[in-house]
Amino acid sequence: VMKSLRDDIDETIMLGTFLHEEGIVLEAVTGGGLPFKLSVDPGSRFSLYCSAPGKSMLATLPEDERQGMRKRIKYRKHTDNTIVTAKALDDHLKEWSRKGYYMDNEEEYRGLRCVGAVILNRNAYPVAALWTAGPLDRFRMRDVPQIGQKIREAAETISHRLGHLTL
């Protein structure tokens, strides 16, 4: 699924999961023939509150777990766009949850935009996230809906393979 998605959008595709109050990259499939490629090592950590994969997993946690997690998160400003309060995070998650995918608009790294979607197990519990990232000139805001749809569909395919029947 990851390789097919990479070939379709020609960008690096990553898979990650929760590790306490942060996320961890489990796998990455490096983008195609572009001169500039994003390379991410498995084991790399990411912030849950300001990354597309973290937001997608947080948004789909059961309410009590999400509220507990967002209180334990140590919010740190990475860029001018970083979400730094639990209230701002809640508002952001509410806004994006209708789309079925989430975006990080230079929130963790300046010049990088990410789009991700959650992977659910058979109990509709978030076990991972699938996402892509690229520089702003290749990830224009007008392209986000199309990229988001492809990421969401690929995440749904993996979710179905894990036994999740409906999203």
Side-chain angles (χ1 to χ4, degrees), residues 2 5 9 11-28 38-121 123-136 138-141 143-145 147-152 154-156 158-159 162 164 167:
M2 291 174 68
L5 182 60
I9 65 174
E11 294 288 355
T12 298
I13 305 299
M14 291 148 284
L15 176 77
T17 193
F18 289 113
L19 183 65
H20 307 294
E21 284 78 41
E22 57 184 353
I24 185 167
V25 176
L26 298 175
E27 184 64 71
L38 179 67
S39 177
V40 179
D41 294 326
S44 298
R45 308 289 174 88
F46 56 90
S47 299
L48 296 175
Y49 61 95
C50 62
S51 67
K55 292 173 189 178
S56 72
M57 292 187 299
L58 282 172
T60 51
L61 278 172
E63 181 67 23
D64 59 331
E65 286 185 54
R66 182 174 59 251
Q67 294 307 323
M69 179 80 77
R70 75 176 189 61
K71 288 177 185 174
R72 292 189 306 274
I73 289 173
K74 293 175 177 61
Y75 297 89
R76 196 168 58 97
K77 191 171 184 77
H78 300 283
T79 72
D80 290 342
N81 292 351
T82 305
I83 292 172
V84 292
T85 67
K87 168 78 168 97
L89 177 60
D90 284 345
D91 292 345
H92 184 87
L93 296 180
K94 202 174 296 177
E95 173 191 347
W96 283 87
S97 66
R98 291 176 269 126
K99 300 174 196 269
Y101 61 87
Y102 296 80
M103 185 181 71
D104 155 10
N105 190 22
E106 293 187 276
E107 293 170 49
E108 195 164 23
Y109 298 102
R110 209 176 2 243
L112 197 64
R113 187 169 286 139
C114 305
V115 179
V118 69
I119 295 171
L120 301 170
N121 69 11
N123 299 316
Y125 190 85
V127 293
L130 189 68
W131 75 101
T132 188
L136 299 181
R138 288 202 315 249
F139 266 55
R140 298 169 303 226
M141 285 302 290
D143 299 326
V144 168
I147 293 168
Q149 177 75 14
K150 290 177 180 191
I151 293 287
R152 185 181 58 75
E156 286 175 356
I158 296 170
S159 294
L162 293 176
H164 189 259
L167 292 176

Could you tell me whether a side-chain N or O of [X] sits under 3.5 Å from a main-chain N or O of [Y], the two making a donor and an acceptor?
{"X": "T82", "Y": "H78", "result": "yes"}
{"X": "S56", "Y": "Y101", "result": "no"}
{"X": "R152", "Y": "A117", "result": "no"}
{"X": "S159", "Y": "I119", "result": "no"}
{"X": "D104", "Y": "E107", "result": "yes"}
{"X": "N81", "Y": "N105", "result": "yes"}
{"X": "Y102", "Y": "G54", "result": "no"}
{"X": "K99", "Y": "P145", "result": "no"}
{"X": "S51", "Y": "F46", "result": "no"}
{"X": "Y49", "Y": "L58", "result": "no"}

- I would like to know whether H20 and R72 meet side chain to side chain contact (heavy atoms under 4.5 Å, CB included); could you show each step before the answer? CA-CA 10 Å; H20 307 294; R72 292 189 306 274; over 6 Å; no
- Message: I'd like to know if K94 and D90 make a salt bridge, using a cut-off of under 4.0 Å between side-chain N and carboxylate O.
- Response: no
Nearest non-hydrogen partners of [X] and [Y], listed with the distance:
{"X": "L120", "Y": "V127", "result": "C-CG2, 4.3 Å"}
{"X": "P62", "Y": "Y125", "result": "CD-CE1, 3.7 Å"}
{"X": "T60", "Y": "P126", "result": "OG1-CB, 3.3 Å"}
{"X": "L15", "Y": "A128", "result": "CD1-CB, 4.1 Å"}

- Are a donor atom and an acceptor atom from the side chains of S47 and E108 found within less than 3.5 Å of each other? yes
- Pairwise distance CD1(I147) to NZ(K150) - rounded to 0.5 angstrom: 8.0 Å
- For D80, does the CG atom have more than 12 heavy-atom neighbours from other residues, nucleotides or ligands under 6.0 Å away? no
- Please test L5 against L130 for side chain to side chain contact (heavy atoms under 4.5 Å, CB included), starting from the C-alpha separation and ending with a verdict. CA-CA 10 Å; L5 182 60; L130 189 68; 3.9 Å; yes
- Message: Are the side chains of L61 and M57 in contact, using a 4.5 Å heavy-atom criterion?
- Response: no
